[in-house]
Amino acid sequence: MGCQMNDYDSDYLAQFLVNNGFSPVNTPDNADLILINTCAVRAKPEQKAYSFLGRMSSIKKGNPNLILGMVGCLAQMKGPELLKRFPQLDLVIGPRELGRFQEILEGIDRHSGKIVATDLDLAPPQPAPCKGYFHKRITGHISIMEGCNNFCSYCIVPYVRGREISRPPDEILAEAENLLSEGIKEITLLGQNVNSYLWEGERKKWGFPALLNELSRLNGLLRLRFTTSHPKDLSDDLIHSFHYIKNLCPHIHLPFQAGSNRILKLMKRGYTRERYLELIDKLRKINPAIAITSDVMVGFPGESDKDFELTLGLIRLVEFDSLFSFKYSDRKGTSAEKMDGKIDEIVKASRLNVLQDLQKEITLKRNKALEGRQLEVLVEGSSKRGGQLTGRTASHKVVNFISNNTQIGSLHKVTIKRSFLNSLWGEIVE
Ligand code: 5AD
Ligand code: SF4
């Protein structure tokens, strides 16, 4: 129910279960084990998790042998409290406990009662290869680091994912090779802050650009991506990677959160509006066509109309390809939760509307500018509309097109005929 890291963790658990004799079922009514992988970043995914858990609890009432577990960031945040609120729940497992899943499963077998596992000290585990698990997928993910040391004042992540820890390069390379052998063509490297990747080996110190470089050489890897980067740690070396690593896609997701220096300071982001704009300039100098996407929040405590105008101004200046935008949401235990000047929900909603309308105009304008261009598309599968294929450009835009003899998993040139807000439509260059 959360970010790409949350998806990645779900894949970890599913592979683990398949390797241990479980098989997926089509409906939760037929399941022996249900794990709900939750997100805690805002109130909305939290509510979604509770309502889903409520539905799964009623299935369990009719099937007492069913094991019901909540995993992920919300499980970490709430811990044993969840067992009181949801008596049907058997397992509460935080995201840093996945490496103990074997033990947890053995506990279930021994019927040793309910389990709450919420330590934050374990290193992220290596998924065991699970033959055929990724078949039909063209794109895959690898977590290269986990946790966060930044403590932005609004953010729950450092509390639920623990301190930053990087995975060893040989594990990451082995995981990438396994994905490629399963037919994956594009890999996205994941981390709460990938720029902080650091591995100090016996002979070599690995920073993130070095890791990217090594991975990019793997045979059969058509495309490499990464997310998320923190503006505070975006080095010139990493910016240059967009020039010299040929299969690194020209797309960066660089959350800016707010356009006012006063708010950025309250958020403890560690950069100014001017510094952020400087980074955008550097990225566009290296590659003028680079796609830039971002996250932004409205209604942070104390945000005035003037601060909000500065956020809109930054959006107009940068012209992001797309934006994820959110209303600030109090997270218990963060320092923003204790701040004065909380913004009324109605004001937040109206600011969000204004911001999203502005971004829609910009996204459409940028997409329209691609009409008539030939772009390389990695074909990922059939589109929801019958008879069409779908894929993405290197800049991560969805392209739908008609073709009878195009292979899924290969790169093709497509002429863009029409652009919409969320996708492009084109014709294959045969
Ligand atoms: N309220 C609203 N949005 C938040 N995000 C993180 N914490 C909060 C919060 N408390 C947003 C940020 C972040 C994205 C993953 O979620 O924009 O980049
Ligand atoms: Fe991902 Fe953060 Fe949500 Fe956890 S809280 S699932 S790390 S977005």
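Both ligands and their constituent atoms are indexed starting at 1 by order of listing.
Here Tyr154 has heavy atoms under 4.0 Å from ligand 1 in both its backbone and its side chain.
Close contacts between ligand 1 and Ser329 involve ligand atoms 1 (N), 2 (C), 9 (C), 10 (N) [criterion: under 4.0 Å to a heavy atom]. Taking every non-hydrogen atom of Arg331 and a distance limit under 4.0 Å, the qualifying atoms of ligand 1 come out as 10 (N). Within the listing of ligand 1, atoms 13 (C), 14 (C), 15 (C), 17 (O), 18 (O) sit less than 4.0 angstrom from a heavy atom of Asp295. Interface atoms of ligand 1 facing Val41, defined by a heavy-atom separation under 4.0 Å, are 6 (C), 7 (N), 8 (C), 9 (C), 10 (N).
Nearest heavy-atom pair, Pro127 versus Tyr8, reported as atom, atom and distance to 0.1 Å: CG-OH, 3.6 Å.
Using modelled atom types and a 3.5 Å distance limit, the side chains of Ser235 and Asp237 yield no donor-acceptor pair. Between the side chains of Ser260 and Asp307, at least one donor N or O lies within less than 3.5 Å of an accepting N or O.
Of the polar atoms of Gln257, at least one N or O is found under 3.5 Å from an N or O of ligand 1, judged by distance alone.
Here CG of Asn20 is found 5.5 Å from CD of Gln102. Values are rounded to the nearest 0.5 Å.
A ring-centre distance under 6.0 Å is found for Phe226 and Phe242.
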